[in-house]
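Okay, so here's the structure we're looking at.
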Amino acid sequence: MKKVQPQLSGKTAVYAVLGDPVEHSLSPVFQNEAFRAAGIDACYVPMRVAAKDLSAAITGLSHTSLKGFNATVPLKEALVPLCTKLTDEARLIGAVNTVELDGGKIVGHNTDGRGFLESLKEETKFQPRGKKACVVGSGGAARAIICALTKAGVREIVICNRTPAKGKQLASDLAHKLHGMKLGSSSLRMGELSRAFEGVSLVVQATPVGLEGRGLIPLPWGVIPKGTLVADIVYQPQLTPLLSEAKRRGLPTLGGVGMLVHQGALSFEIWTGKKPDLKRMRQVVEHALANS
Ligand code: ATR
């Protein structure tokens, strides 16, 4: 198919992704494709913004015609107090990954958790209701996924983290906010991890470990029940060391590309009120990953 170059004009709506670094972001690749496929006169550009400059950047951008932006590491948490309005979801997660700009209003959303759930729904047969999940990590991504899994009816979640105090803190913080959810925490030491993983149905790896194919957090494979779904938020490579190990053990797996594409599709919907062409978005991401 011949690729039609967008014709930028004075009427073109502009969106962005803010981060530091931002050079590796795939969001411009699939958001521009989504605008093109939908026939929307818009473009999406990367903007490097250092954490220390975020407040000044947001004030400045909110006085331009920029329509909205995504935020990535390390800006998501720092954006929360800079928004004039937050969705309940963004407030609960404590991080913003999508902003709508409208006449001086700065509305903060978080689509990461729902992006994960959409990917789970689209790509697996996993039914969250009543199940036990173990989430490895306690950063922004883990927090978004825990909130989303709670909403989807998961019964129990154990947060497994390298720094046990941080996992424990997150569990007690969320236990106050997510009424009815059984939340526990564990270190990554094998003995404790084995107890944490008893009866698990879903494992979510929500740390950067495995990025570029490097690193694998040892899991208590012996106690992980047959049929447990192993998900990794890392998408470069698509088959991470964890997913490769899970596959080798005959367990179903879910890679991180789906979450990436779905969180972006939800941002697109917030900005345009339209559902994007998910298939095209995914195709261009997979093409970019294969050629990077
Ligand atoms: P994000 O907000 O993008 O999820 P983050 O806030 O930097 O990222 O969180 C990173 C998570 O990955 C943390 O839970 C971190 O563990 P610590 O709380 O102990 O720092 C976890 N993490 C990062 N590198 C890790 C590693 N090599 N082994 C285990 N956990 C790691």
Side-chain angles (χ1 to χ4, degrees), residues 17-27 49-51 54 70-81 89-99 108-117 119 133-149 157-174 183-193 196-197 203-221 230-237 240-243 245 254-260 262-264 267:
V17 54
L18 275 51
D20 185 20
V22 76
E23 292 81 353
H24 302 296
S25 173
L26 289 174
S27 296
V49 177
L54 185 63
N70 285 126
T72 182
V73 180
L75 310 176
K76 292 184 190 185
E77 282 88 358
L79 259 176
V80 171
E89 204 171 24
R91 190 174 295 110
L92 183 63
I93 295 167
V96 165
N97 80 329
T98 307
V99 170
H109 302 251
N110 194 310
T111 65
D112 284 332
R114 269 187 295 141
F116 176 77
L117 274 190
S119 158
C134 286
V135 175
V136 182
S138 67
R143 201 174 163 109
I145 289 168
I146 292 165
C147 294
L149 289 175
I157 297 177
V158 186
I159 300 166
C160 307
N161 201 47
R162 175 178 62 179
T163 310
K166 273 167 73 183
K168 201 170 168 188
Q169 177 63 46
L170 179 58
S172 78
D173 178 26
L174 288 179
L183 265 168
S185 67
S186 165
S187 70
L188 296 183
R189 281 200 304 272
M190 199 45 79
E192 206 181 333
L193 215 49
F197 273 65
V203 177
V204 186
Q205 198 300 116
T207 82
V209 175
L211 197 62
E212 312 287 345
R214 284 194 288 269
L216 172 65
I217 296 174
L219 296 184
W221 296 104
V230 178
D232 200 332
I233 66 161
V234 172
Y235 52 79
Q236 173 67 296
T240 61
L242 174 71
L243 297 186
E245 181 65 20
L254 175 67
V257 169
M259 175 176 172
L260 172 72
H262 278 285
Q263 62 79 32
S267 301

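Since the model is a prediction, treat every value here as computed from it, not as a measurement. Atoms within each ligand, like the ligands themselves, are counted from 1 in listed order.
Counting heavy atoms from C-beta outward, Ser185 and Leu170 have side chains that stay 4.5 Å or more apart. Using a 4.5 Å cut-off on side-chain heavy atoms (C-beta onward), Met259 and Ile145 make contact.
Only one option out of Leu79, Asp112, Asn110 pairs with Val96 in a side-chain contact (heavy atoms from CB on, under 4.5 Å); it is Leu79. A side-chain contact (heavy atoms from CB on, under 4.5 Å) with Lys76 is found for one member of Ile93, Leu18, Asn97 and no other, namely Asn97. Among Leu54, Val17, Val22, the single residue meeting the side-chain contact (heavy atoms from CB on, under 4.5 Å) criterion with Leu75 is Leu54. The side-chain hydrogen bond (donor to acceptor under 3.5 Å, both in side chains) test with Arg114 is passed by exactly one of Gln263, Glu89, His262, His109: Glu89. No option in Lys166, Lys168, Arg143 other than Arg143 meets the salt bridge (Lys or Arg N to Asp or Glu O under 4.0 Å) test with Asp173.
Using a 4.0 Å heavy-atom cutoff, Ser138 is listed among the residues neighbouring ligand 1.
At least one N or O atom of Gly140, backbone or side chain, sits closer than 3.5 Å to an N or O atom of ligand 1. Any N or O atom pair closer than 3.5 Å counts here, and Thr163 shares at least one such pair with ligand 1.
The neighbour count for Glu245 CD, taken as heavy atoms of other residues, nucleotides or ligands under 6.0 Å away, is above 12.
Within the 4.0 Å cut-off (strictly below), no protein heavy atom is located near atom 7 (O) of ligand 1.
Comparing heavy-atom distances from atom 18 (O) of ligand 1 across Asn161, Thr72, Ile233 singles out Asn161 as nearest. Closest heavy-atom approach to atom 22 (N) of ligand 1 within the set Thr207, Asp112, Val135: this belongs to Thr207.
Under a 4.0 Å criterion applied to the non-hydrogen atoms of Pro208, ligand 1 contributes the atoms 12 (O), 23 (C). Interface atoms of ligand 1 facing Gly137, defined by a heavy-atom separation under 4.0 Å, are 14 (O). Ligand-side atoms of ligand 1 in range of Val209: 25 (C), 26 (C), 27 (N), 28 (N), range being under 4.0 angstrom from any heavy atom. Atoms of ligand 1 lying under 4.0 Å from any heavy atom of Ile217, numbered from 1 in the order shown and given with element: 29 (C). In summary, the atoms of ligand 1 found under 4.0 Å from a heavy atom of Lys166, numbered by their order in the structure, are 17 (P), 18 (O), 20 (O).
From the protein, the heavy atom lying nearest to atom 30 (N) of ligand 1 is Arg162 CB, 3.7 Å. Of the protein's non-hydrogen atoms, the one nearest atom 9 (O) of ligand 1 is Gly139 CA, 3.5 Å. Ranking protein heavy atoms by distance to atom 4 (O) of ligand 1, first place goes to Ala141 N, 3.1 Å. Among all non-hydrogen protein atoms, the one lying nearest atom 3 (O) of ligand 1 is Val73 CG2, 4.1 Å.
No side-chain donor from either of Asn70 and Ser27 sits under 3.5 Å from a side-chain acceptor of the other.
The CG atom of Leu242 sits 11.5 Å away from the CD1 atom of Ile233 when rounded to the nearest 0.5 Å.
Here Val136 has no heavy atoms under 4.0 Å from ligand 1, in either its backbone or its side chain.
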